[in-house]
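Treat the numbers as computed from the prediction; the structure is a model and nothing was measured.
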Amino acid sequence: MARRLTPALIAAASLALAAVAAPTASADHGAATGRALADRATAYGATAKYQVHANAVADGYVPDKYCVFDRVGRTGALGYPHFNHKYDNSVDPKKPAALYYEDDGRGGKRLVGVQWLVYDRDQKLTTDDDRPTLFGTAFKGPKPGNFPGQPIHYALHLWLWKKNPRGLHETFNPAVACLPGTTRP
């Protein structure tokens, strides 16, 4: 049976995050950091309903059957990506292009992170004059496509729902693991 998060609960969580973040931002870091924290609270509120996996699928996030891990450095994983390509090129904190889930140990999925994806304007890996920012952080890239047909792009990960000991915007999270037999052959 799927749990439902009520709109009131989502709104309350968003307001609580914004209220906690606002004093720190104004006292210590200025308007830019205040905006980044407010945008992060917005992302929390917008993605809270995706704690229920079925809500993400119903909203157009298409699950990949494979768990993605760091094949090069073996420093963690992303989990199972769920892309909604209508949000490609979004820098709106409410509209991430991807959600990342991990196995919850009970046969279901648990939301761990989100990602924004913006295509490089000139499709050249050697230029970055169109690098976007969100949450006061520059996107990583430009990067080649991860699968055939994906354009050169910039990406920004945000580990909202599971702490990444390496940092909030690092690509791979060492606290996320892929179960044996769940990765792309």
Side-chain angles (χ1 to χ4, degrees), residues 5-52 55-56 59-61 75-76 78-79 81-102 110-125 127-143 146 150-176:
L5 295 175
T6 65
L9 178 61
I10 293 169
S14 297
L15 289 173
L17 285 167
V20 170
T24 303
S26 61
D28 299 333
H29 305 291
T33 301
R35 171 62 189 248
L37 292 172
D39 283 349
R40 192 176 338 153
T42 297
Y44 270 112
T47 61
K49 67 182 177 180
Y50 300 134
Q51 293 289 337
V52 177
N55 291 343
D59 280 356
Y61 285 94
T75 60
L78 291 170
H82 291 53
F83 278 94
N84 186 333
H85 290 294
K86 77 178 181 183
Y87 297 137
D88 287 359
N89 294 310
S90 167
V91 289
D92 182 337
K94 295 182 297 253
K95 298 176 181 175
L99 307 173
Y100 290 97
Y101 288 85
E102 69 179 352
R110 177 179 28 250
L111 181 63
V112 293
V114 296
Q115 175 189 356
W116 286 260
L117 181 93
V118 174
Y119 299 145
D120 182 62
R121 186 175 50 240
D122 65 10
Q123 290 297 290
K124 294 180 182 176
L125 291 171
T127 63
D128 66 354
D129 60 323
D130 59 340
R131 179 186 308 278
T133 62
L134 185 60
F135 311 113
T137 302
F139 281 49
K140 292 182 180 180
K143 301 174 170 213
N146 295 313
Q150 184 182 39
I152 294 171
H153 62 279
Y154 297 93
L156 183 67
H157 293 83
L158 179 61
W159 294 97
L160 281 174
W161 299 102
K162 184 163 192 166
K163 181 178 169 80
N164 184 338
R166 289 217 170 100
L168 196 58
H169 298 290
E170 289 302 312
T171 302
F172 293 102
N173 186 337
V176 174

Student check: side-chain heavy atoms of Leu156 and Phe135 closer than 4.5 Å: yes
Asn173 side chain reached by His157 side chain, heavy atoms, under 4.5 Å: no
Considering the options Asp130, Asn89, Thr133, Asp128, which one meets the side-chain hydrogen bond (donor to acceptor under 3.5 Å, both in side chains) requirement together with Tyr154? Asp130
May I ask you to test the Asn55-Tyr61 pair for a side-chain heavy-atom distance under 4.5 Å? no
Under 6.0 Å from the NZ atom of Lys143, do we count more than 12 heavy atoms belonging to anything else shown? yes
What distance do Arg131 atom CZ and Asp120 atom CG have between them, rounded to the nearest 0.5 Å? 9.5 Å
Reported CH2-to-CG distance for the pair Trp159 and Leu168, which is rounded to 0.5 angstrom: 10.5 Å
Give the ring-plane orientation class for Trp161 versus Tyr44, where under 30° counts as parallel, over 60° as perpendicular and anything between as tilted. perpendicular
Phe139 versus Leu134: any side-chain heavy-atom pair under 4.5 Å? yes
Got Leu160 and Arg40 here, is their nearest side-chain heavy-atom distance under 4.5 Å? yes
Spatial distance of atom CG (Asn164) from atom CD (Glu170) [nearest 0.5 Å]: 6.5 Å
Between the side chain of Asn84 and the main-chain N/O of Asp59, is any donor-acceptor distance below 3.5 Å? yes
Mind checking whether Gln150 and Leu117 have side chains closer than 4.5 Å, heavy atoms only? yes
How many angstroms lie between atom CZ of Phe172 and atom OG1 of Thr75, to the nearest 0.5 angstrom? 6.5 Å
Nearest heavy-atom contact between Glu102 and Ala175 is OE1-O, 4.2 Å
Residue pair Leu78 / Val176, side-chain heavy-atom distance below 4.5 Å: no
Out of curiosity, Gln123 CD to His153 NE2, how far, rounded to the nearest 0.5 Å? 10.0 Å
Nearest heavy-atom pair of Ala46 and Lys94: which atoms, and what distance? CB-CA, 3.6 Å
Taking all atoms of both residues into account, what is the closest heavy-atom pair of Pro174 and Pro165, and its distance? CG-CG, 3.8 Å
How far apart are the closest heavy atoms of Lys95 and Ser90, and which atoms are they? O-OG, 3.0 Å
If we only count heavy atoms from C-beta on, is the Asp129 to Arg121 side-chain gap below 4.5 Å? yes
In terms of side-chain heavy atoms, does Asp92 have a donor or acceptor partner in Tyr87 at a distance below 3.5 Å? no
Minimum heavy-atom separation for Tyr101 to Ala56, with atom names? OH-CB, 3.2 Å
